[in-house]
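Below is one structure, written out as structure tokens; comments come after it.
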Amino acid sequence: QVQLVESGGGLVQPGDSLTLSCEASGRPLTNYAMGWFRQAPGKEREFVSAISWHGSPTYYTESVKGRFTITRDNVQDTVTLQMDSLKPEDTAVYYCAASELYSGSPRPHDYVAWGQGTQVTVSS
């Protein structure tokens, strides 16, 4: 089974940028679609973005389109979420996840492995 570790979270001000990274071990990421989810206090886990095995297509939830960019490096076994123009409503714990589907999915139950999460706080 693949193991995932996220990094890159932190406290930033509105309008700032952050780059989240997800590193895989145990198995190569080549045969997994990858997704990012987030969970704010008191809310359900929410789909943010997904990327297929080979990097295209990619998917985004409506609220982050044009601000977030997901990429992957199948040689380094990493997935990155570039987050620009951050807003207070982006505050959440962000999770990286691996799916055996080709294109990924917005549904958490389609993912077979999860990281431990990294906190992103956007506040002035």
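All residue numbers refer to positions in the sequence shown, counting from 1. Because only heavy atoms are used, hydrogens play no part in the values below, and waters and symmetry mates are left out as well, while side chains stay in.
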Would you say the ring centroid of F37 lies under 6.0 angstrom from that of Y95? no
Test your reading of the model: is there a side-chain donor-acceptor pair from Y32 to the backbone of S52, 3.5 Å cut-off? no
Full working for side-chain hydrogen bond (donor to acceptor under 3.5 Å, both in side chains) between T80 and Q82: CA-CA 6 Å; T80 298; Q82 175 66 39; over 6 Å; no
Between T91 and E89: side-chain donor-acceptor atoms closer than 3.5 Å: no
Specify the closest pair of heavy atoms between S17 and S85, including all atoms of both residues, with the distance to one decimal. OG-N, 4.3 Å
For the atom pair CG (D77) and OG1 (T30), what is the distance rounded to the nearest 0.5 Å? 6.0 Å
Are side-chain heavy atoms of H54 and Y102 found at a separation under 4.5 Å? yes
Could you measure the distance from the CG atom of L11 to the CG atom of D16? Nearest 0.5 Å is fine. 9.5 Å
Aromatic W53 / basic R72 pairing, under 6.0 angstrom, 45° off normal: no
Minimum heavy-atom distance between A92 and R38, given as atom pair plus value: CB-CB, 3.7 Å
What verdict does the side chain to side chain contact (heavy atoms under 4.5 Å, CB included) test give for M83 and V120, after you've listed the backbone C-alpha separation in whole Å, the side-chain angles of each residue and the deciding distance to 0.1 Å? CA-CA 10 Å; M83 305 187 296; V120 172; 3.9 Å; yes
Salt bridge check, D90 against R67: does any charged N sit closer than 4.0 Å to a carboxylate O? yes
Pairwise side-chain contact, Q13 with L86, heavy-atom cut-off 4.5 Å (strictly under): no
Enter the distance from E6:CD to C22:SG here, rounded to the nearest 0.5 Å. 5.5 Å
Any chance you could measure C96, atom SG, to M34, atom CE, to the nearest 0.5 Å? 3.5 Å
Among P106, S49, S103, find the one that has a side-chain contact (heavy atoms from CB on, under 4.5 Å) with Y59. S103
Look at the side-chain heavy atoms of Ile, Leu, Val, Met, Phe, Trp and Tyr, link any pair under 4.5 Å apart, and say whether V112 and L4 land in one connected group. yes
Minimal non-hydrogen separation, D73 against V75, with atom names: OD1-N, 2.9 Å
Hey, does the side chain of S99 reach the backbone of D110 with a donor-acceptor pair shorter than 3.5 angstrom? yes
Using a 3.5 Å distance criterion without hydrogens, assess whether the side chain of T118 forms a donor-acceptor pair with backbone atoms of G9. yes
Distance in Å, S7 OG paired with E23 CD, rounded so as to fall on 0.5 Å steps: 6.0 Å
Does some side-chain heavy atom of T69 sit less than 4.5 Å from a side-chain heavy atom of T71? yes
Are the side chain of Q3 and the backbone of Q1 linked by a donor-acceptor contact shorter than 3.5 Å? yes
Are W114 and V2 connected in a single hydrophobic cluster, I mean Ile/Leu/Val/Met/Phe/Trp/Tyr linked by side-chain heavy atoms less than 4.5 Å apart? no
Do I51 and L20 belong to the same hydrophobic cluster, where Ile, Leu, Val, Met, Phe, Trp and Tyr are linked whenever their side-chain heavy atoms lie under 4.5 Å apart, directly or via other members? yes
Check whether F47 and L81 end up in the same hydrophobic cluster, where Ile, Leu, Val, Met, Phe, Trp and Tyr are linked by side-chain heavy atoms less than 4.5 Å apart. no
Is it true that I70 and Y111 fall in one hydrophobic cluster, defined by side-chain heavy atoms closer than 4.5 Å? no
Looking only at heavy atoms, the pair that brings P14 and S124 closest together is CD-N, 3.7 Å
Which distance, rounded to the nearest 0.5 Å, do you find between the CZ of F68 and the OH of Y60? 10.5 Å
